[in-house]
Peer 1: 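I'd like to ask some things about the structure below.
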Amino acid sequence: MAHFELNGLWQLTSPQRPDIDIVMTLPGDNVSALLQAELIPNPYFADNEAKVRWIEQCDWHISRQFEVEASVLSAKQVWMTLTRVDTLATFFINDEQVLTCSNMFAQQRVDIKPYLTHGTNTIRVEFARVDLEGEERAKNLPFPIPSAMGNNQIPHMNLIRKTQCHSGWDWGICLMVSGIYDPIQIDVVNELWLKGFSTEQNWQADGSVIVDVLVEVETENQSHEVFVELDGMTQSMHTEGSGHYHFQCHVLEPLLWWPAGYGEANLYKISVSCGEQKLSRKLGLRQLSLNNQADEHGSAMEFVVNGVPINAKGANWIPVDAMPGRECDGRYRNLLQSAVDANMNMIRVWGGGQYESETFYSLCDELGLLVWQDMMFACSLYPSDDAFLKDVEQELRFQIPRLKEHPSIALWCGDNEVIGAIGWYDESKHNKVKYTVNYDRLNRMVEQVIGQQDDSRRFWPSSPCNGELDFGDAWHDDSKGDMHFWDVWHSGKSFNAYLNINPRFCSEFGFQSWPSFAETKQFVPEQDWNVTSPTFEQHQKNPRGNSIITEMFTRYFRFPSGFEQMLYLSQVQQAVAIKTACDHWRAISPVCRGMLYWQLNDNWPVSSWSSLEYSGRWKQLHYHAKRFFAPQYLVFSEHTGKLSLHLLNDAKDSVDVSAQLHWVNWQGEVKQTWPLEHSVSSDSNTVIWQLDESFDSSELKSGFFYVEAQVAQDKITNTWFSSHELKTLPMERTKIEVTIETNKVTLVADKPAFFVHLECDTDGKFSDSSLTLLANKPVTIEFLGSDLNAMATSLRVYHLMQS
Ligand code: BMA
């Protein structure tokens, strides 16, 4: 069986723009192609977004030629397989219509043999306007289905199965891209086609696992020998004709797959072969369940892997790039590696984006990142008529079997915030019963179809959600289910609001920052280096965003002295906000078993809630996350009424920790030290110190607590201030001496310095940053990048008192 792909160079044209005839690379998108051909300015630079919006008002055609040999024409069938076709696309081969696509998330397969001729063939794809189709569909609805116009700049996107944030979001540029983002696969089938295989794990009481393998073969009734290879064992079977063939492989002592921080993410290679055809994949052997048992606090929301309850720590994921043609393997790896480097073990694939590429899930498998997988619905209401349900069912019948093979997938979640959205729109607010039934028709179908494809994982109706058929307020009810807590950012409450809730699992909470100065230089012309400039306002999609950041400065900090310091301080503020939440929720462990902040990444350079900038650069929050998500962590908390130091150990083994707690005044004198030696068991939360009466609490404003500990290779530190209002604390002015030797940067401060942050204009992160420096205690930080010279010449060291 021959196999080829129709990737590479195509021609891009538009009937509305006869002047355009350029090259477009597949997999790829039309906007990237126009940019590459220099027909548009970079949409990510300055306020260029508006200058490229004409693209969405055109139809786009792509075409190429390919050669077909006689052997292809004599084959039984020639199958073309399409995935991630964005979105309303009609395919023609040699001017004959072959198929139409209208769901970016579905797979299409068609036998193209009847359309092929010997020699040169032409394939053409015509992409139609999604906005017009949306309007058409809206006219034919039995009742209005409101869409997320606060986020989307184009109405009725909810009626079309396309990545919802393509038309903009409260962090997203509106680029109504078209294109094809996976290779176009052509399979030339003769008498045999090894179509695919799926696996199921049946765990035995003795800890072994029987892997059931179902192999799909299509053949002209000949008999064949099929082989399945796993863990050094090979099974074979004689097959007669087309069908599904069942194999069983018994793995007696499985090396388990563990999430990051709990053990190795062991993977086995499994291969299925028949004749010359071979399919392989990686398999992770693990048991996973979701515990929702009622308890004294409400009911649990706890993932259990291989019998071990997991403290899920991580962030929400949005698409890598608003121009999907730029989503290359290297960028996926870089972002996901950064997640693991910050001690994350769970990523939520958010419903306004896309079912991700194979690259994404394979990396999560490899890195030990659990995946909370939303279905692709977000913040809008959605139809429940037969045509729409059928459309969605088709996508699930492709996506679920594909994704369920990945050990990283932990949960199927129905949507993002669609239950909540029933209460947001006038139409539905005033007719809740009708819209709730409408919601449930779609949600129920999604649940049923998922259940038919995979009964090994739980279905969770929505995020946030208090539980099955519970349409309560999961933005505020912290007793059950997963919560989205937005009272601080969107409702303007103080950081203390994080301390007033004890969520069982917080799957969204976030705080924005501006991009770093290094990032800013990449997309903001110098005359716009000002937070109210046209560029900055164009790159802030949350209408009150810049005001919230600035207003919060006035609550907590002394006002920054200029543009660069404003950028820096916005990232301090973001880190403090999210750390406040995570520190508290870790201190109440195991009540809270999950925290996924909004959001990990950016899909273009923008002011947002992300901890990684568009370039992949770590914001200060990301350095803090590395500390506050560490499996072993020391955290200060007052939730018991007394200032306490908790030692957290999330790992499944016990650990010995030897820590030093210091009380230090602003001048830098260490006034008191408590040596703390502890051996703590697995999955534990232990109070190892409390502030007692011997300490004069009226002194608390005269300094800060600083704790440091060594656990194996890792250093844990934490700093405690008596107030979030850092502006009220009489910190001293500090001078920091910086010396650079090759990739090592040594910092010495003459007084304590806080949020000491290193930034440079070249790629690469630092081994630590946004940290506390004690007086006259040198700290050496490594630069983890390649261009040492560029680092040394552009290095800037920021700290709080300098801002
Ligand atoms: C959440 C998300 C996104 C949004 C974010 C910030 O609720 O689901 O829709 O970007 O809030 O507002």
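First listed ligand is number 1; within each ligand, the first listed atom is number 1. Since the structure is predicted, the reported quantities are computational estimates derived from the model, not experimental observations. Position 1 is the first residue of the sequence; numbering continues from there. These values consider heavy atoms only, across backbone and side chains, with no hydrogens, waters or symmetry-generated copies.
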Peer 1: Residues around ligand 1, heavy atom under 4.0 Å from any ligand atom, sorted by chain and number. Can you pull those?
Peer 2: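 Under the 4.0 Å cut-off, ligand 1 touches W169, D170, W171, W350, C379, N416, E417, W486, H490, E508, W598, W609.
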Peer 1: Do the ring planes of W618 and H622 sit parallel (below 30°), tilted (30 to 60°) or perpendicular (above 60°)?
Peer 2: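 Ring orientation of W618 relative to H622: perpendicular.
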Peer 1: Measure across T163 and F105 and return the closest heavy-atom pair with its distance rounded to 0.1 Å.
Peer 2: N-CZ, 3.6 Å
Peer 1: Could you check whether F511 and Y597 have their ring centres less than 6.0 Å apart?
Peer 2: no
Peer 1: Ring centres under 6.0 Å, that's the criterion: do Y556 and F495 meet it?
Peer 2: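 Yes, they do, as the ring centres are separated by less than 6.0 Å.
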Peer 1: Answer yes when E551 and R555 have at least one side-chain N-carboxylate O distance shorter than 4.0 Å, and no when they do not.
Peer 2: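 Salt bridge: yes.
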Peer 1: Check E49 against C174 and note the closest heavy-atom contact, atom names and distance.
Peer 2: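 Heavy-atom minimum between the residues: OE2-N, 2.9 Å.
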